[in-house]
Novice: 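Sharing a structure, written as structure tokens. Questions coming.
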Amino acid sequence: MEIKKKDIRALSKDQLRDFFQKEGDKAFRGNQVYEWLWSKGAHTFEDMTNLSKETRQMLEDHFVINHIKVDVMQRSSDGTVKNAVRLHDNLVVESVLIPTKTRTTACVSSQVGCSLDCKFCATARLKRMRNLNPDEIYDQVVAIDRESRLYFDRPLSNIVFMGMGEPLMNYNNVLKAIDKITSPEGLGMSPKRIVVSTSGVPKMIKKMADDDVKFKLAVSLHSAIDEVRTSIMPFNATFPLADLREALVYWYEKTKNRITYEYVVWEGINDKRKDVDALVQFCKFAPSKVNIIEYNPIDDGQFQQAKSQAIDMYQSVLEENNITVTIRRSRGKDIDAACGQLANKD
Ligand code: SAH
């Protein structure tokens, strides 16, 4: 009977140390292997040249290293790069590199598909296949860091969890990946340069606050009126705005970190004065800012970007109320790499 080998990168450093001790070797060997796996990015046990041949064979007998593989890389005319990433079980997720003059941002996926059902998002149509492991999330970041150095001559500067999936529904693995990304043994990035974006799972937002996480929080709000929000993000019926609001107040009180609300304005859906007024009220519950994002059409035109007058109204009313607002243009639309367009299309 063939023994199913374990993904070695699912083990913590302590677990690796224990493994070596149980095998009658020095615990320190675990540190060496850990370093090979994470800071040196070894793809095979053969690469681990400071281990004896026997040790490498022993690892080979017990474990596999499940590296992702960038199958297809597409470059947009605006410099955006989209990676189609193949996982060890042949499923595919996408990640995006977004360059600006001074930064390179990686937009990474946390799940294969998504279990939420936002009506305006292409990923929602894929359904959730499975959660990504910490190393599959980490590898997406490493791949983009490499591309950033290659094409833009600088390392990756920021990470947003705004690719496929709902990060708070794969919270433990996202947290483990961020631990690796921020640890000196991994990429040594500052958590302040990482944004986790959620549709708003109140219980998990509170848990994050209790865990005293240091990264930033963005919430895809899109409407501060329950009825409207439920019509475009049906899970809002389960997690209504009152619960979300309570969790966000809790988050701010514990972390003192301002929240970013992501917001798309659609014609005939949330482009009226009452929608802006509700948003202003919502923003007053906890210190926050609003990021108005452009709509990236995904289908037959059920949703349409609001007229510029509506966006201007949002901007002026928010500013009158001393709420910071930024209007963000989409990148990478020509290669289906913009927000909400990730759907494993060729
Ligand atoms: N599930 C997480 C992260 C993935 S979505 C979340 O909901 O935040 C990343 C962002 O893209 C979210 O703000 C989402 O609302 C937005 N988005 C989804 N579809 C979009 C579309 N077609 N056009 C513009 N933004 C979209």
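Just the heavy atoms: all of them, side chains too, but no hydrogens, waters or symmetry mates, feed the values below. Numbering of ligands and ligand atoms starts at 1, following listing order.
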Novice: Please answer whether the main-chain N or O of Thr80 pairs with a side-chain N or O of Asp78 as donor and acceptor at a distance below 3.5 Å.
Specialist: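 The answer is yes, because a donor-acceptor pair under 3.5 Å joins these two groups.
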Novice: Classify the contact between Thr198 and ligand 1 as side chain, backbone, both or neither, using a heavy-atom distance cut-off of under 4.0 Å.
Specialist: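 The answer is the backbone of Thr198.
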Novice: Kindly assign one of parallel, tilted or perpendicular to the pair Trp38 and Tyr138, based on the angle between their ring planes and the thresholds 30° and 60°.
Specialist: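 Trp38 vs Tyr138 ring planes: perpendicular.
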Novice: Quick one: which of Cys118, Cys107, Ser220 has a heavy atom closest to atom 6 (C) of ligand 1?
Specialist: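 Among Cys118, Cys107, Ser220, the closest heavy atom to atom 6 (C) of ligand 1 comes from Ser220.
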Novice: Please identify which atoms of ligand 1 are closer than 4.0 Å to at least one heavy atom of Ser199.
Specialist: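 Going through ligand 1 atom by atom, the ones under 4.0 Å from Ser199 are 1 (N), 6 (C), 7 (O), 8 (O).
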Novice: Determine whether Asp89 and Arg130 satisfy the following criterion, salt bridge (charged side-chain N to carboxylate O under 4.0 Å, His left out), listing intermediate values before the conclusion.
Specialist: CA-CA 11 Å; Asp89 53 1; Arg130 70 168 171 88; 2.7 Å; yes
Novice: In ligand 1, which numbered atoms sit nearer than 4.0 Å to a non-hydrogen atom of Gly165?
Specialist: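 Going through ligand 1 atom by atom, the ones under 4.0 Å from Gly165 are 1 (N), 2 (C), 3 (C), 4 (C).
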Novice: Taking atom types as modelled, find out whether Gln57 and Asp61 have a side-chain donor-acceptor pair closer than 3.5 angstrom.
Specialist: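 Checked: Gln57/Asp61 side chains pair up, N/O donor to acceptor below 3.5 Å.
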Novice: Cationic tip of Arg245 within the cone over Phe285's six-membered ring, i.e. under 6.0 Å and within 45° of the normal?
Specialist: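 The answer is yes; both the distance and angle limits are met.
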Novice: What atoms of ligand 1 come within less than 4.0 Å of a heavy atom belonging to Cys121?
Specialist: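 This gives 18 (C), 19 (N) as the contact atoms.
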Novice: Pairing donors with acceptors under 3.5 angstrom, does anything connect the side chains of Asp275 and Tyr314?
Specialist: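 Checked: Asp275/Tyr314 side chains show no N/O donor-acceptor pair below 3.5 Å.
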Novice: Does ligand 1 have a heavy atom under 4.0 Å from the side chain of Glu262, from its backbone, from both, or from neither?
Specialist: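 The answer is the side chain.
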Novice: So which protein heavy atom does atom 9 (C) of ligand 1 come closest to, and at what separation?
Specialist: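 Going atom by atom, the protein heavy atom closest to atom 9 (C) of ligand 1 ends up being Met162 O, 3.5 Å.
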Novice: What do we get for Phe161 next to ligand 1 when only non-hydrogen atoms under 4.0 Å count, side chain, backbone, both or neither?
Specialist: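 Backbone only.
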Novice: Which heavy atom of the protein is the closest neighbour of atom 19 (N) of ligand 1, given with residue, atom name and distance?
Specialist: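 For atom 19 (N) of ligand 1, the nearest protein heavy atom is Gly340 CA, 3.0 Å.
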Novice: Name the closest protein heavy atom to atom 25 (N) of ligand 1, giving the residue it belongs to and the distance to 0.1 Å.
Specialist: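 Its nearest protein heavy-atom neighbour is Cys339 CB, 3.4 Å.
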Novice: Assess, by modelled atom type and distance only, whether the side chains of Glu166 and Thr198 contain a donor and an acceptor separated by less than 3.5 Å.
Specialist: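 Distance-only check passes for Glu166 and Thr198.
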Novice: Considering only the protein, which heavy-atom contact is closest to atom 15 (O) of ligand 1, and what is its distance?
Specialist: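 Protein heavy atom at minimum distance: His222 NE2, 2.5 Å.
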Novice: Taking atom 2 (C) of ligand 1 as the point of reference, which of Ser197, Pro297, Ser109 owns the nearest heavy atom?
Specialist: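 Result: the heavy atom closest to atom 2 (C) of ligand 1 is in Ser197.
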Novice: Just by distance, with hydrogens left out, do His222 and Asn270 show a side-chain donor and acceptor under 3.5 Å apart?
Specialist: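 No - no donor-acceptor pair under 3.5 Å links their side chains.
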Novice: State the NZ-CG distance between Lys176 and Asp135, to the nearest 0.5 angstrom.
Specialist: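 Rounded to the nearest 0.5 Å, the NZ-CG separation comes to 10.0 Å.
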Novice: In the protein, what heavy atom is nearest to atom 23 (N) of ligand 1, and what distance, to one decimal place, separates them?
Specialist: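 Looking only at protein heavy atoms, the one closest to atom 23 (N) of ligand 1 is Asn296 N, 3.0 Å.
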Novice: State the atoms of ligand 1, each with its element, that fall below the 4.0 Å cut-off from a heavy-atom position in Phe120.
Specialist: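 In order of numbering, the contacting atoms are 15 (O), 18 (C), 19 (N), 20 (C), 21 (C), 22 (N).
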Novice: Note the single closest protein heavy atom to atom 4 (C) of ligand 1, along with its residue, its atom name and the distance in Å.
Specialist: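 Protein heavy atom at minimum distance: Gly163 O, 3.2 Å.
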Novice: Does Ser109 reach the main-chain N or O of Glu94 with its side chain, forming a donor-acceptor pair under 3.5 Å?
Specialist: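 Side chain of Ser109 to backbone of Glu94: a pair is present.
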